[in-house]
Amino acid sequence: MTTEAQPDKLLLLDGNSLAFRAFFALHNSLDRFTNSQGLHTNAIYTFSNMLDSLLAAEQPTHVLVAFDAGKTTFRTEMFPDYKGNRSKTPTEFAEQLPYINQLLDAYGLTHYQLPNYEADDIIGTLAQAAADKMPVTVVTGDRDLTQLTTANTTVKVTIKGVNELETYTPEHVREKLGIDPEQIVDLKGLMGDTSDNYPGVTKVGEKTALKLLKQYGSIAGLYEHVAEMKPSKLKENLINDQQAALMSQTLARINTTAPLTIDLAATNRRPVDQTALIAFYQEMDFKSKLAKMDLGDLADENEADAAETPIKLVELTRSNLASALAKQQPRAFDLDILGDNYHVDTPVGFALGTPQQWYYSDDLSLLQEPALSQWLADENQLKYVFDSKKTDVLLARLDLRIAGMSFDLLLVSYLLNTFDNSNDLGVIAHLHGYAGVQTDLDVYGKGTKRAIPTDYAVLGEHLSRKAQAIYQLQAQLTEQLRANDQDQLYDEIEAPLALVLAQMELAGITVDSQRLKAMQQDFSKTLTEIEALIYQDAGHEFNINSPKQLGVVLFEELKLPVIKKNKTGYSTSVEVLEQLQKSHPIIERILTYRQISKLQSTYINGLLKVIHPDHKVHTRYLQTLTQTGRLSSVDPNLQNIPVRLPEGRKIRQAFVPSHPDWEIFSSDYSQVELRVLAHVSGDQNMQAAFKNGLDIHANTAMKIFGLTDPSQVTPDMRRQAKATNFGIVYGISDYGLAKNIGISRPQAAAFIAAYFEQYPDVQAYIKDIVATARQQGYVETIMHRRRYLPDINAKNFNLRSFAERTAMNTPIQGSAADIIKVAMINMQQRLTQEHLQAKMLLQVHDELIFEAPTEEIPLLAKIVPQVMDSAVSLDVPLVVDSAHGATWYDAK
DNA sequence: GCTCTCACG
DNA sequence: ACGTACGTGAGAGCC
């Protein structure tokens with residue numbers, strides 16, 4: 001990258017027209033240009049070359065690549081046949097467009113499309129917006145755009161291939177056509193356009209049209225004087241086709257006032273994302289491009305360069321503290337720990353400041369200095385951080401408050417792309433093209449070698465560079481959020497949620513270790529007993545927990561039939577064992593052993609290991625991990641505590657309130673995912689079932705079994721209907737459904753067909769969402785959470801099918817996650833408002849768990865469901881069920 | 001570290 | 001024809 005300041009310059013590319021030219025440039029080699037996945041890459045490759053040479057030649061500071069949003073535009077509204085003669089876009093071309101967008105993203109170039117408008121209109125509008133600010137170059141394959149030529153705007157049109165361009169200035173237009181750029185719409189109005197399929201005036205071509213324009217100036221001028229023309233066939237045609245001429249002129253005119261949702265600032269070039277670009281070239285098999293990048297060398301060189309570029313840093317002391325915080329301005333703040341568990345580990349140091357000056361220290365007592373603690377707590381003093389939840393918890397453990405964290409690099413990066421889910425600042429910064437920082441792995445090491453650098457200066461440098469990375473990425477990523485229409489998702493959901501989660505984690509939930517230990521005793525006795533019986537059945541001792549040894553016993557020694565194999569040998573999963581249950585008494589015992597052994601190791605022993613001195617477990621919710629927007633829970637995972645089987649469910653008896661005379665209170669959404677499906681699909685039948693408060697599974701059973709009365713629904717029909725409902729949410733297939741409910745595949749196919757017949761808009765939704773994913777490369781939730789699906793166009797059936805199921809499931813699962821997140825934020829606020837002692841402790845995807853004094857339970861029973869069901873407004877009601885009791889087990 | 005198994009929504 | 005349900009975390013065995 002150049003470091004010298006460049007004069008501003010805007011480059012506007014006509015994405016569709018250039019990509020289409022790129023496609024045909026290598027059309028003869030179409031079938032040789034595929035990657036290992038079978039994706040055609042000829043257009044991507046040529047486009048990529050073209051981009052490289054354009055960027056090198058033009059050196060723009062601002063770039064926008066405009067794309068057509070679809071077939072219908074304001075022009076087709078005016079004239080339905082506009083571009084009506086175009087043949088269908090070849091799929092080999094369409095499949096490449098999402099990758100061109102990916103390439104542009106990696107290059108840090110903005111791309112944009114706008115419903116109802118063509119790329120031309122986006123370009124025209126931006127060219128005008130930039131008119132008095134910076135010179136503009138437009139590159140296109142479409143000569144019509146030469147009408148945009150002005151003293152400030154140059155239009156370059158492809159002549160041959162994509163790299164030979166003809167440059168149009170106003171002078172060149174006059175030289176070539178003898179008319180001004182503004183007259184081009186009059187020219188097109190008279191002569192029409194066969195490729196865009198609008199008529200113009202009969203028998204008038206370019207020559208006649210130019211002659212007329214030289215004489216009369218414009219279409220308007222021409223018709224003012226048409227009566228004076230001497231009688232001729234031309235005069236007749238002009239008079240007859242006046243309407244056609246005026247309409248054609250309007251169609252040809254580029255709209256320079258399109259309602260863009262982006263502005264000039266959004267076209268500012270961002271740094272090239274080297275990591276993404278390399279990954280992209282690798283995916284495309286663009287070996288020559290990779291070779292040019294000189295991979296390792298380039299990356300290393302960049303990093304070395306960036307790491308060598310000095311930054312301004314100084315150790316923070318009590319004497320320079322005041323000057324460090326003198327001005328009110330946003331600062332980056334980074335507080336580090338060695339391990340992952342910020343509930344246990346102690347911080348190693350911190351850095352704060354701006355690129356003008358960074359201050360670092362490993363002396364945490366400095367944070368207690370009034371100047372610093374007040375700065376932290378002041379919501380008007382903005383802080384840019386990485387992981388606001390972690391920062392909040394760590395400071396809370398030091399009895400400090402932090403407010404004003406207006407930018408969280410970790411959260412923002414996750415919203416922009418769920419693949420960027422690394423928890424390491426260095427990794428994320430590199431993903432966004434910022435190389436001036438190392439990863440924690442590089443500096444602290446890993447595993448047992450993980451340690452604070454012995455050289456204090458090295459630690460200080462790393463902390464300061466992390467703070468600087470956060471600071472430098474703030475503007476760019478905030479702009480990207482806005483461009484993605486995700487600013488609300490960040491400002492109103494994820495950012496406030498982080499602080500709610502921090503409070504929940506800090507609160508923790510009390511675990512009755514005596515109760516767990518009593519169960520531990522029982523379980524070990526049971527295990528010893530079953531173990532002995534299993535050894536008897538097998539005729540010898542072996543490790544029952546080893547699938548390998550168990551496989552030998554069952555399938556070689558006892559010669560039981562092999563149902564299923566896996567990579568390493570025989571499968572011994574529940575599914576397999578259940579099918580063998582009647583063949584040998586050992587099976588039943590193994591199943592019981594497995595069940596108890598799981599409870600013992602994962603839940604009893606596992607939980608006992610992570611109880612803090614306060615008798616509580618403090619889970620960490622991972623807010624930036626899942627691909628759908630759900631939370632996950634670790635150390636310990638409190639989102640998979642047993643509930644389905646009675647033996648396991650008893651574990652919940654060990655989760656108790658933190659005070660005597662308090663209770664556990666729990667509320668959960670009823671069928672939230674199906675309600676989301678009813679909402680997003682707009683299916684009237686499914687919506688009616690929810691609006692009428694019907695049992696959705698029984699209702700589905702009636703529909704797919706063709707029953708007329710709810711009393712005809714047997715429990716088994718309901719079970720199958722329920723499985724079908726779930727299947728739909730997961731992205732159904734007859735194979736999967738058949739396997740799940742134990743029916744034949746054709747039967748399952750018939751179920752699905754019946755289902756779609758009864759819920760036709762659900763079927764339409766599924767079709768649409770997959771098409772949307774193919775077209776734009778990602779799917780969205782109701783709150784604009786995104787998930788990119790790079791495999792949606794894969795040739796490989798499995799990859800593509802998986803992406804298709806994900807396209808169906810993610811908006812549903814993700815929107816449900818959005819909803820409960822909103823509810824949690826509102827809930828926390830409401831608890832404070834009502835001055836309740838009750839605390840929100842846990843979230844389990846569709847359920848919230850609280851502890852509260854017994855006397856507050858009646859109020860909670862009123863407000864929790866109220867807050868949850870009003871979190872968002874859907875076309876169907878949200879229903880919430882509540883329960884409470886002495887332990888989590890009893891809150892059922 | 002990977003694989004298998006199984007706990008949850 | 002292809003072979004799968006969607007999203008997670010943790011423990012145990014084995015290398």
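We use all heavy atoms of the structure for the numbers below, so side chains are in, but hydrogens, waters and symmetry mates are not. Just so it is clear: chains get the letters A, B, ... in the order the sequence lines come, proteins before strands, and each one is counted from 1. Quick caveat: nothing in here was measured; it's all calculated off a predicted structure.
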statement: Among C:dG7, C:dG9, C:dG11, the one nearest any side-chain atom of A:Asn640 is C:dG9

- request: With sequence neighbours left out, write down each residue that passes ring-ring contact (aromatic ring centres under 6.0 Å, His included) with A:Tyr444, or none if nothing qualifies.
  value: A:His462

message: Return the pairing partner of C:dA12 with a 3.5 Å limit on both distances, Watson-Crick or G-U wobble; otherwise return none.
response: B:dT3

Nearest listed nucleotide, side chain of A:Val574, among B:dT5, B:dC8, B:dC6: B:dC6

query: Base, sugar-phosphate alone, or nothing: which one does A:Ile641 contact when heavy atoms must sit under 4.0 Å apart?
result: sugar-phosphate

message: I need the CG-P distance between A:Asn809 and B:dG9, as an integer number of Å.
response: 16 Å

message: Regarding C:dC6, can its base be found pairing with the side chain of A:Gln813 as donor and acceptor, where the two atoms are less than 3.5 Å apart?
response: yes

message: For a quick check, tell me whether the side chain of A:Arg644 and the base of B:dG9 share a donor-acceptor pair closer than 3.5 Å.
response: yes

message: So, under a plain 3.5 Å distance rule, would you say the side chain of A:Thr626 forms a donor-acceptor pair with the base of C:dT8?
response: no

query: A:Asn543 or A:Gly736: which one's nearest nucleotide on DNA chain C is closer to the 5' end?
result: A:Gly736

task: Look at the side chain of A:Gln595 and decide which nucleotide, out of C:dC6, C:dA5, B:dA7, has an atom nearest to it.
output: B:dA7

- prompt: When all nucleic acid strands are considered with a 4.0 Å heavy-atom cut-off, which category describes A:Arg594: base, sugar-phosphate, or nothing?
  reply: sugar-phosphate

query: Centres of the A:Tyr759 and A:Tyr755 rings: under 6.0 Å?
result: yes

statement: Of C:dA10, B:dG9, C:dC2, the nucleotide closest to the side chain of A:Val634 is C:dA10

message: Between C:dA12 and A:Asn545, counting only base atoms on the nucleotide and side-chain atoms on the residue, is there a donor-acceptor pair under 3.5 Å?
response: no

task: Taking atom types as modelled, find out whether A:Tyr669 and A:Asp869 have a side-chain donor-acceptor pair closer than 3.5 angstrom.
output: no

Closest to the A:Leu625 side chain, choosing from B:dG9, C:dT8, B:dT5: C:dT8

Ring centroid separation A:Phe756 to A:Phe751 under 6.0 Å: no

- prompt: Choosing from C:dA12, B:dG9, B:dT5, which nucleotide comes nearest the side chain of A:Asn566?
  reply: B:dT5

- line: What one should report as the nearest heavy-atom pair of A:Gln600 and A:Ser524 is NE2-N, 3.5 Å

field: Check: C:dG3 base within 3.5 Å donor-acceptor of A:Arg745 side chain
entry: yes

task: Determine: side-chain N/O of A:Lys548 to OP1/OP2 of C:dC15, distance under 4.0 Å, yes or no.
output: yes

- request: Would you kindly check whether a donor in the side chain of A:Arg630 faces an acceptor in the base of C:dT8, or vice versa, at under 3.5 angstrom?
  value: no

query: Is A:Tyr735 stacked on the base of C:dT4, meaning ring centres closer than 5.5 Å and planes within 30 degrees of each other?
result: yes

